[in-house]
Amino acid sequence: MTIKSRNLLLLLLLIISLCLLLTDATLLFYNLYKGTFTAPDSFFDQRQPGFFIKGYSFSAVVLSLFIFLVYVSASVYYLYVQFEKTQSTEIIYFALFLCGCLTESVRLCIPLFDLWHSLSTFLVFTGRIVLFGRTLAPLALLFDAVFSGTEQRQYVERNLIILLVVSIMTALLIPLDTAVVLPNCCVRWGEGRAFLIMRILILAATAVSLFINSFTLGNKEKAPYGFLALAVGYEVCCYASSYPAAVTGAVLLFAGTAVYLGSLHRQYLWK
């Protein structure tokens, strides 16, 4: 993938993220004004993974979704400006991670269109999209760490296809329980805890790989620490159901990304 084509894709992702942010904000305020914005009528299901469940707040769930929208827009803008002339394989995979984060905003369709007790195709679609994003995001970060070497640049297109195919197949094969929509605006899917554990293991393996590479090369940059923070922040924001969780996740996500991308940018300046 050439720098020009990558920059065009980043620009397209920036436009899409800003349009989604503007559209969701407009629909939210319109529904609030009309009184058609529907909240869940049941408490958080204790069998599902979550953070700070006892302090559940539906407005905090909505806040976490907008955190993702703002985060993706800001991150893509940073990538486009700071890495515009840099041939960095890591940026391509990180952009895919941002695409995974962007899919979280689809959950907002449930309260906006009152899909809590619906068995419509639209509800199934939102569930599949979220599953796709939650598969793509950790795998993209894993490929970022494992296939970021200069010798791997010729395989970028192949790896992108692998990531997309695996994410799509996972989203299609995992069963959805559309009869239950959780109060965090997420359709319940089968083996929810197993899926969460698998994602955490992928992120943990990625962090370990980054730390090993950093120590082996004698690199004093703080990229592994930034990655660890953003990975934790991402997971917390995915399941945030209270203001403490949403704020904690946002701080870790933004701060970790700033450290990780800043370290990556300094590394390429020295090359």
Side-chain angles (χ1 to χ4, degrees), residues 16-76 97-118 120 122-134 137 176-178 180-189 192 196 230 232-257:
I16 292 174
S17 61
L18 290 174
C19 288
L20 282 175
L21 177 59
L22 179 61
T23 301
D24 286 349
T26 302
L27 288 175
L28 175 62
F29 286 118
Y30 177 78
N31 278 263
L32 289 174
Y33 175 75
K34 289 291 186 178
T36 55
F37 191 69
T38 57
D41 53 10
S42 61
F43 193 68
F44 207 101
D45 193 321
Q46 297 288 339
R47 293 172 293 176
Q48 292 294 322
F51 295 96
F52 301 96
I53 294 178
K54 293 183 178 179
Y56 175 78
S57 171
F58 179 61
S59 56
V61 174
V62 176
L63 174 63
S64 69
L65 300 180
F66 277 95
I67 286 173
F68 275 119
L69 287 169
V70 174
Y71 166 72
V72 172
S73 299
S75 297
V76 175
F97 164 72
L98 295 177
C99 290
C101 293
L102 197 61
T103 61
E104 294 293 328
S105 64
V106 175
R107 289 191 281 147
L108 195 61
C109 293
I110 292 177
L112 285 175
F113 301 104
D114 193 16
L115 302 177
W116 296 106
H117 303 290
S118 171
S120 64
F122 190 26
L123 179 63
V124 175
F125 174 76
T126 62
R128 298 294 182 195
I129 289 296
V130 174
L131 266 175
F132 169 80
R134 293 196 183 181
L176 294 178
D177 184 4
T178 53
V180 179
V181 181
L182 302 174
N184 67 338
C185 306
C186 193
V187 180
R188 180 194 286 172
W189 51 71
L196 173 62
L230 78 88
V232 174
Y234 164 73
E235 284 297 331
V236 172
C237 283
C238 280
Y239 295 98
S241 57
S242 69
Y243 284 109
V247 173
T248 301
V251 170
L252 289 172
L253 190 59
F254 279 89
T257 302

- According to the side chain to side chain donor-acceptor pair (under 3.5 Å) rule, which pairs have a member within residues 60-71, sequence neighbours left out?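 Output for this query lists Tyr71-Thr257.
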
- Can you pull the side chain to side chain donor-acceptor pair (under 3.5 Å) pairs that have at least one residue in residues 98-112, sequence neighbours excluded?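 For residues 98-112: Glu104-Arg107, Glu104-Arg134.
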
With rounding to the nearest 0.5 Å, note down the distance linking [atom1] in [X] to [atom2] in [Y].
| X | Y | atom1 | atom2 | answer |
| --- | --- | --- | --- | --- |
| Ser73 | Leu98 | OG | CG | 9.5 Å |
| Ser59 | Tyr56 | OG | OH | 9.0 Å |
| Leu27 | Phe113 | CG | CZ | 5.5 Å |
| Cys109 | Leu65 | SG | CG | 10.0 Å |

- Got a sec, which residues hit side chain to side chain donor-acceptor pair (under 3.5 Å) with Asp114, two or more places apart in sequence or on another chain?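 For Asp114, the residues satisfying side chain to side chain donor-acceptor pair (under 3.5 Å) (neighbours in sequence not counted) are Thr38.
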
Within the 4.5 Å heavy-atom criterion, are [X] and [Y] side-chain neighbours or not?
| X | Y | answer |
| --- | --- | --- |
| Leu230 | Leu252 | no |
| Val61 | Pro183 | no |
| Val124 | Leu176 | yes |

- Task: Under the side-chain contact (heavy atoms from CB on, under 4.5 Å) rule, collect the residues that match up with Val247, sequence neighbours excluded.
- Result: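 Here the qualifying residues are Val251.
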
- In chain order, what residues pass the side-chain contact (heavy atoms from CB on, under 4.5 Å) check against Leu22, with sequence neighbours excluded?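 For Leu22, the residues satisfying side-chain contact (heavy atoms from CB on, under 4.5 Å) (neighbours in sequence not counted) are Thr26.
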
- Task: Taking all heavy atoms of Val181 and all of Trp116, pick out the closest pair and write down the distance.
- Result: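 That closest heavy-atom pairing would be CG2-O, 3.4 Å.
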
- Query: Can you say whether the rings of Phe37 and Phe58 are parallel (under 30°), tilted (30 to 60°) or perpendicular (over 60°)?
  - Reply: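 Taking Phe58 first and then Phe37, their aromatic rings sit tilted (interplane angle of 30° to 60°).
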
- Message: Tell me which pairs pass salt bridge (charged side-chain N to carboxylate O under 4.0 Å, His left out) where either residue lies in residues 57-71, with sequence neighbours left out.
- Response: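 For residues 57-71, and leaving out neighbouring residues, there are no salt bridge (charged side-chain N to carboxylate O under 4.0 Å, His left out) pairs at all.
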
